[in-house]
Chemist: 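One structure, as structure tokens, below. Some questions next.
Numbering starts at 1 and runs along the sequence shown. All ligand and atom numbering here is 1-based and tracks the order in the structure. All of these numbers come straight from a predicted model, not from anything done at the bench.
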Amino acid sequence: MKTTDGMSSGVSGAVPAEGRGRRARAADRGTRVLAEYRLEGDATAHGVAIGPAAMAVEGPAPDIDEAARADDPAHEQARLTEAIERSIRQVERLRDRLALLPEDSKLEIGSLLEVYRRMLGPSRLQRGIRQRIAQDGLLAEAAVRQEAEALAQAMLGGPGRPAPAGEDAAAAQRRAGEFREIGRRLVRNLGQMPFRSFNALPVGAVLVTEQLRPSDAALIDPSRIVAVVTEEGGSTDHTAIMLRALGIPAVLAVHGLMARVRDGATIVVDGSAGTVVIDPGEDTLAAARRGVADYARERQALGRLRRLPAKLSSGEKLQLQANLELPAELPLIAQSGASGIGLLRTEFLFINAQTMPDEDGQEAVYTEVIAAMAGDTTTIRVVDWGGEKQSEALTRAGLADAGDNLNPALGVRGLRLLLRHPAILETQFAAILRASAAGPVRVMLPMVTSAHEIREAREIYHRVARRLRRRGVKLGDTLPPLGIMAETPAAAIMGDALAQEAEFLAIGTNDLTMYTLAVDRASAEVASLYHPLHPAVLRLIQTVTEAALRQYRPISVCGEIAGDPRVVPLLIGLGLRSFSMTASAVPRVKRVVRALSFEDCRRLAHRVMQVSGVDEVTALIDAFAAGE
Ligand code: PEP
Ligand code: MG
């Protein structure tokens, strides 16, 4: 039998449960023959750990009769009220436990519990459940499950709509997970069923479980558990974010895990490689012990980096900023040492909303974010609706793409949509301008292809500012800079013309790659053709960077490659100094750049720009990263 690493499983009778496992006969040490079993999953939280398996198995989910009709809907409403109250008490107890957690994880978990608490309040979820009981006569359990699942599905794109992709997909998965988690909690509380306890886990154990929910993660004491391995989940969900915040090495989505592990078996977990070894042999154990020591040293070093400046060894200063998808991620930004927000995606305000977010509501959110940045700049991108991004509010308001377009990425997306419906833009500009009293802000336009679009947007921007001043809102003499995303080939090629209209530029390599290579970023079918390091993309990055620099316009990169420590040296060599990335990438990028000289980066860029294939580019940057 072939496994994913192309090796045959070594021992007959020890065929892996599925393709991601491998049993191999380890060295015979003379005393016994060890047979270790290796599984693979999602590398979720860095670090290596060794410990005995502690299995935490949840009792079966309650059976729910979806078709049954309630004899007494009022009684079902009362049962729901009771279950909600019990759930609120549980969330409050979890909140009390926060004090025991390390500072870093306290903020991350605290904001998730806040989301749960809001869902259990007078929320859309609760209204929907009550409606299902009242109108469809469902039992409370069925109403909860159906409403939570409907809201989760809506987050994930809903029927007939393309699912969100990339970072949007991860955010949508997390939101869907929140609805499901509260749904599960309510159902268990309706049936008065017990929850799993993590109190009795032995010190130094590896927690092994089929699934770990974010609220479970909040219950874990990181001083007792050395690692977490789960059969389900994935590296971008809330649980994963929490485990990273708690600093617990973790591998999630390990297929076949529960069937393989026995309670107490020794397990080696490598959260960076995404491997789990059950009953490790001596060689594996020795390598793992070295990994544990290396990881401890690395954490210390990354922690110290937070306060160190982001500059090259040759002295040039860099700006490392964070991309923000949800205000709940603010604490991660604070921990990362990022100097501000280079991309605040405002889609979250629209994605989860039934109606268009109003000026006051938006202003409150922007003010919270800007104030949290404590003097560092926040770059707010006006909503980039369209393409693979979905918004219920905009669809309901009849503002979505007409639907006659077979390829929404090429349709009424981003700035095009906003210029067709200027009211959305006016509200957003007004909210941002009002919030700018809280600290430095920049405003960014998505999906620009022509200079006239920027001029039109700027006219609206100034009109909104005049209107606000007439309303008595105090704005500075100079408005916050209005800049653009350079994420279409047209914008990159016309960089010199656009840089005359835009006060700053940010290269969106995610879309730039899609449009340059004609490869849909949301399609698994063509995922193998999606290469941000394709020389065509790199030439456009170079063109637009040089155009901006010639006109002294600030330019940054905020696509995914800005957080890849292997790629940043190349971008520096092309003249870029500012990068915005997922918060957790900031320390690793900082560590790499502090060891680089500009001359080395320039030489790397020079070599890379001579070659014509992705493989050659990759080989050059890998060799550079390896110090060759
Ligand atoms: C990009 O396209 O690179 C970008 C940062 O924008 P988004 O991923 O939100 O489309
Ligand atoms: Mg984009």
Chemist: Which ligand 1 atoms, with their elements, are less than 4.0 angstrom from a heavy-atom of R345?
Modeler: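 Answer for ligand 1: 4 (C), 5 (C), 6 (O), 7 (P), 8 (O), 9 (O).
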
Chemist: For the pair Q362 (side chain) and P357 (backbone), establish whether a donor and an acceptor sit closer than 3.5 Å, ignoring hydrogens and angles.
Modeler: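 Yes; at least one donor-acceptor contact below 3.5 Å.
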
Chemist: Extract all donor-acceptor atom pairs below 3.5 Å that involve side chains of residues 423-438 and protein atoms in other chains or at least two apart in sequence.
Modeler:
residue	atom	partner	partner atom	Å
E426	OE1	R467	NH1	3.4
E426	OE2	R463	NH2	3.0
T427	OG1	A423	O	2.9
Q428	OE1	V383	N	3.0
Q428	NE2	T346	OG1	2.9
Q428	NE2	Y366	OH	3.1
R434	NH1	E359	OE2	2.6
R434	NH1	D360	OD1	3.1
R434	NH2	D360	OD1	3.2
S436	OG	L433	O	2.5

Chemist: Using a 4.0 Å cutoff against the non-hydrogen atoms of E487, which atoms of ligand 1 qualify?
Modeler: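 Numbered from 1, ligand 1 contributes 1 (C), 2 (O), 6 (O).
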
Chemist: Verify, without hydrogens or angle tests, whether R553 (side chain) and A499 (backbone) share a donor-acceptor contact under 3.5 angstrom.
Modeler: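 Yes: the side chain of R553 pairs with the backbone of A499.
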
Chemist: Between F624 and R566, does a side chain to side chain contact (heavy atoms under 4.5 Å, CB included) hold up when you go through it step by step?
Modeler: CA-CA 8 Å; F624 183 84; R566 286 175 327 138; over 6 Å; no

Chemist: Counting only heavy atoms, which portion of L343 has something under 4.0 Å from ligand 1: side chain, backbone, both, or neither?
Modeler: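 Answer for L343: side chain.
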
Chemist: I380 and side-chain contact (heavy atoms from CB on, under 4.5 Å): which partner among V369, V441, L324, I341?
Modeler: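 Among V369, V441, L324, I341, the one meeting side-chain contact (heavy atoms from CB on, under 4.5 Å) with I380 is V441.
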
Chemist: Mind checking whether M514 has a heavy atom under 4.0 Å from ligand 1?
Modeler: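 Judged by the 4.0 Å heavy-atom criterion, M514 does not count as contacting ligand 1.
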
Chemist: Could you establish whether M485 and ligand 1 come within less than 4.0 Å of each other, counting only heavy atoms on the residue side?
Modeler: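 Judged by the 4.0 Å heavy-atom criterion, M485 does count as contacting ligand 1.
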
Chemist: Whether the side chain of K317 engages the backbone of L312 through a donor-acceptor N/O pair (distance < 3.5 Å, no angle test) should be reported.
Modeler: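 Pair absent, no side-chain N/O of K317 close to backbone of L312.
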
Chemist: Please determine if the Mg ion (ligand 2) has an N/O/S atom from D511 lying under 2.8 Å away.
Modeler: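 Yes, D511 qualifies, because one of its backbone or side-chain N, O or S atoms lies under 2.8 Å.
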
Chemist: So is there a nitrogen or oxygen of T509 less than 3.5 Å from a nitrogen or oxygen in ligand 1?
Modeler: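 Yes, since at least one N or O of T509 sits under 3.5 Å from an N or O of ligand 1.
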
Chemist: Checking one value in my table: which N/O/S atom of E487 lies closest to the Mg ion (ligand 2)?
Modeler: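 Answer by atom name: OE1.
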
Chemist: Please compare N510, D384, I507, N323 and report which has the shortest non-hydrogen distance to atom 3 (O) of ligand 1.
Modeler: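 Answer by nearest heavy atom: N510.
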
Chemist: Check whether D520 reaches the backbone of M514 with its side chain - one donor and one acceptor, N or O, closer than 3.5 Å.
Modeler: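 Not a single qualifying donor-acceptor pair exists.
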
